[in-house]
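Reminder, nothing fancy here: chain letters follow the sequence lines and each chain counts from 1. All values below were derived from every heavy atom in this structure, side-chain atoms included, with hydrogens, water molecules and symmetry-related copies excluded.
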Amino acid sequence: MSHPVRTRFAPSPTGYLHIGGARTALFAWAYARRHGGTFILRIEDTDVARSTPEAVQAILDGMAWLGLAHDEGPFYQMQRMDRYKEVIAQMLVAGTAYHCYMAPDELERLREEQMARKEKPRYDGRWRPEAGKVLPAPPTGVQPVVRFRNPFDGVVAWDDQVKGRIEISNGELDDFIIARADGTPTYNFCVVVDDWDMGITHVIRGDDHVNNTPRQINLLQALGAPVPQYAHLSMILGDDGTKLSKRHGAVSVMQYDDDGYLPEAVLNYLARLGWSHGDEEVFSMEQFVQWFDLDHITSSAAQFNTEKLNWLNAHYLKSAVDARLAGEVAQRLAKRGIDPEAGAPLEQVAALYKDRVANLNELADALEPFCVVVHPSAEMIATHLTDVARAALKMLRGKLAECAWEKAAISAAMKETLAACGLKMPQVAMPLRVALLGQPQSPAIDAVLAVLGRDEVLGRLDRYL
RNA sequence: GUCCCUAUCGUCUAGAGGCCUAGGACAAUACCCUUUCACGGUAUGAACCGGGGUUCGAAUCCCCGUGGGGACGCCA
């Protein structure tokens, strides 16, 4: 507890915020919250060619939808160039970095030779200054890159908070480039300077960065900077067990909004994917933050399971406040060109349907017939609105025109009609559903009538009588 | 190829040497509830990758295979 916890989420704005990034952000956010720390958002936009302002916005939107608020930032690496260049200059002076004039094609050739010899491809250190070593004369007209002088022997080790102790021999590493020929700094270098400057105490990030960690630790140490704790999260696989890709599965979190998921369902699902707290399955973010720890993160990859997400979403839909649901559905209906004010009060209809659907689009589908004139198919009319049924509906209509407009009275009117016609409930309820909503399934019919309103019910009925 | 990570029901997972005849959840199946369709309830089936150790005792620790994933960029 001596140091306040500071975590960060550091996406590169080359695309939207996808489900894997969202989980990384969630865990980093939760860890900071859990320890009363600070959650920082940093945009790693040094890849100018692929970074876009749209992607930055998409990431911000995704975070906002999920409710993952950052305490500091967003910081943009492109705005920190002066600082990076300052550090590089210092390293050059200190001798922890050096200029390398090797041409890219020359480097490429070296790599190919090494691969052919079944060796790990790495820079051979030809421009690395050593005591007593004579360096070639720098070729004229060539802009050098700057390489980090990585320790030659020994091992780099850290206690990964999710994977345990990891040791990498320095012999596996090479003198990687920290500044390109045009002077711009590279990823591993920027990350290190940023994590240092921003006082990051816990680096919680994707598993694909395990290989970068030893390089970053070496750099940090060369800089005399403190080494943070690292926690590497395993990746999320697609529904079919294969790697998520743009082609399948790796959709924007905003797609889940479009698909009718509630953010709390997505959050709960993500929290439970790769982390656990005993048998707990359903919990709020408040509860999650209280429970969250690095010790119970799974170290192996997890397969995304849409069905479980659906179940959670249905669960949160059931317990959602009617007014909120009505608002969400109204927006969706409006997008379909339907006036949500046109029919029965949406809030009441939503209450009737919310425990029968798995997402907001299904809810909108269910509420739509309450707002528009429905046109059941000829086949459905033939099947349900038989002469017998119509006769019963006609009698029912008479009673409905006069009874008190509430569930019990409506139910009584139906029962009287059934008795008078010698019919069973479904024989009248089904045709009634078809006439009113255009489909033979609905919640309890008396409740549907009550909510639709007398005028609407009688009007819709009259089209068939 | 080299290095690193990883392995419990179909899926997410519980499990820190005896509480494990391996627990929960989703999904599946059956039944119950029911005014249709759902919701809900109850029940059932379903797993420790293989082989060696260590130990009185291993899902848990170690080694070797095998499977899966990642990294080896003047990308991040």
Side-chain angles (χ1 to χ4, degrees), chain A residues 10-14 44-47 49-51 77 100 102-104 107-108 111 114-122 143-147 160 162-164 166-169 171-174 176-188 190-191 206-214 232 234-235 237 239 241-243 269 272-282 295-296 298-312 314 318 353-358 362 366 384 411 414-415 418 424-430 432-434 439-446:
Chain A
S12 66
T14 54
E44 310 210 326
D45 54 356
T46 53
D47 186 353
R50 293 194 300 151
S51 298
Q77 290 186 323
C100 167
M102 192 171 181
L107 225 194
E108 184 54 38
R111 266 196 275 267
Q114 289 166 327
M115 292 283 256
R117 268 181 272 130
K118 301 197 187 300
E119 287 169 12
K120 189 168 185 160
R122 31 202 287 261
Q143 284 301 312
V145 298
V146 178
R147 286 186 181 271
D160 196 277
V162 350
K163 294 187 183 290
I166 299 179
E167 289 188 2
I168 311 276
S169 159
E172 294 295 329
L173 276 21
D174 64 1
F176 59 96
I177 293 171
I178 60 176
R180 305 178 179 94
D182 66 6
T184 58
T186 60
Y187 168 76
N188 279 116
C190 297
V191 166
D207 191 304
D208 46 336
H209 289 292
V210 172
N211 298 273
N212 289 323
T213 306
H232 287 100
S234 57
M235 63 185 308
L237 270 22
D239 234 333
T242 62
K243 189 187 169 183
Y269 179 72
R272 196 59 192 66
L273 191 61
W275 174 84
S276 62
H277 185 76
D279 289 340
E280 300 293 343
E281 296 285 351
V282 181
D295 299 335
H296 291 84
T298 317
S299 48
S300 56
Q303 192 170 317
F304 194 88
N305 186 221
T306 305
E307 290 185 323
K308 190 160 183 178
L309 205 213
N310 289 344
W311 170 76
L312 269 170
K318 285 186 193 65
Y353 278 90
K354 68 177 179 180
D355 58 359
R356 316 164 64 83
V357 297
E362 285 182 19
H384 295 281
S411 182
M414 289 201 63
K415 287 191 173 125
L418 292 181
K424 301 268 191 208
M425 181 60 90
Q427 293 173 290
V428 174
M430 301 282 270
L432 191 51
R433 288 185 171 103
V434 170
Q439 55 196 26
Q441 285 92 38
S442 84
I445 191 67
D446 49 354

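Using a 90° window around 0 for the glycosidic torsion, B:rC39 falls inside it and is classed as syn.
When distances run from any side-chain atom of A:Gln303 to the nucleotides B:rA76, B:rC72, B:rU11, the shortest one goes to B:rU11. Listed candidates were B:rA71, B:rG15, B:rU35. Nearest to the side chain of A:Ile445 is B:rU35. Picking from B:rU6, B:rU13, B:rG40 the nucleotide with the shortest atom distance to the side chain of A:Lys318 gives B:rG40. Comparing B:rG23, B:rU6, B:rA76 against the side chain of A:Ser299 picks out B:rU6 as the nearest. Nearest nucleotide to the A:Asn211 side chain, out of B:rU35, B:rC3, B:rC26: B:rC3. Minimum atom distance to the side chain of A:Glu281 is reached by B:rG24, of the listed B:rG24, B:rA7, B:rA76.
Counting any heavy atom pair closer than 4.0 Å across all strands shown, A:Ile177 reaches a base atom.
Where A:Arg117 and A:Asp355 meet RNA chain B, the nucleotide closest to each residue was compared, and A:Arg117 sits on the side nearer the 5' end.
For the atom pair A:Asn310 CG and A:Tyr269 OH, the distance stands at 10.0 Å (nearest 0.5 Å).
One finds no salt bridge joining A:Asp174 and A:Lys120 here, because no Lys/Arg side-chain nitrogen approaches an Asp/Glu carboxylate oxygen to under 4.0 Å.
Within 3.5 Å, no donor on the side chain of A:Asp207 pairs with an acceptor on the base of B:rG70, nor the reverse. Within 3.5 Å, no donor on the side chain of A:Asp208 pairs with an acceptor on the base of B:rG70, nor the reverse.
One interatomic measurement links the two molecules: CD of A:Glu167 to C1' of B:rC5, which rounds to 14 Å at whole-angstrom precision.
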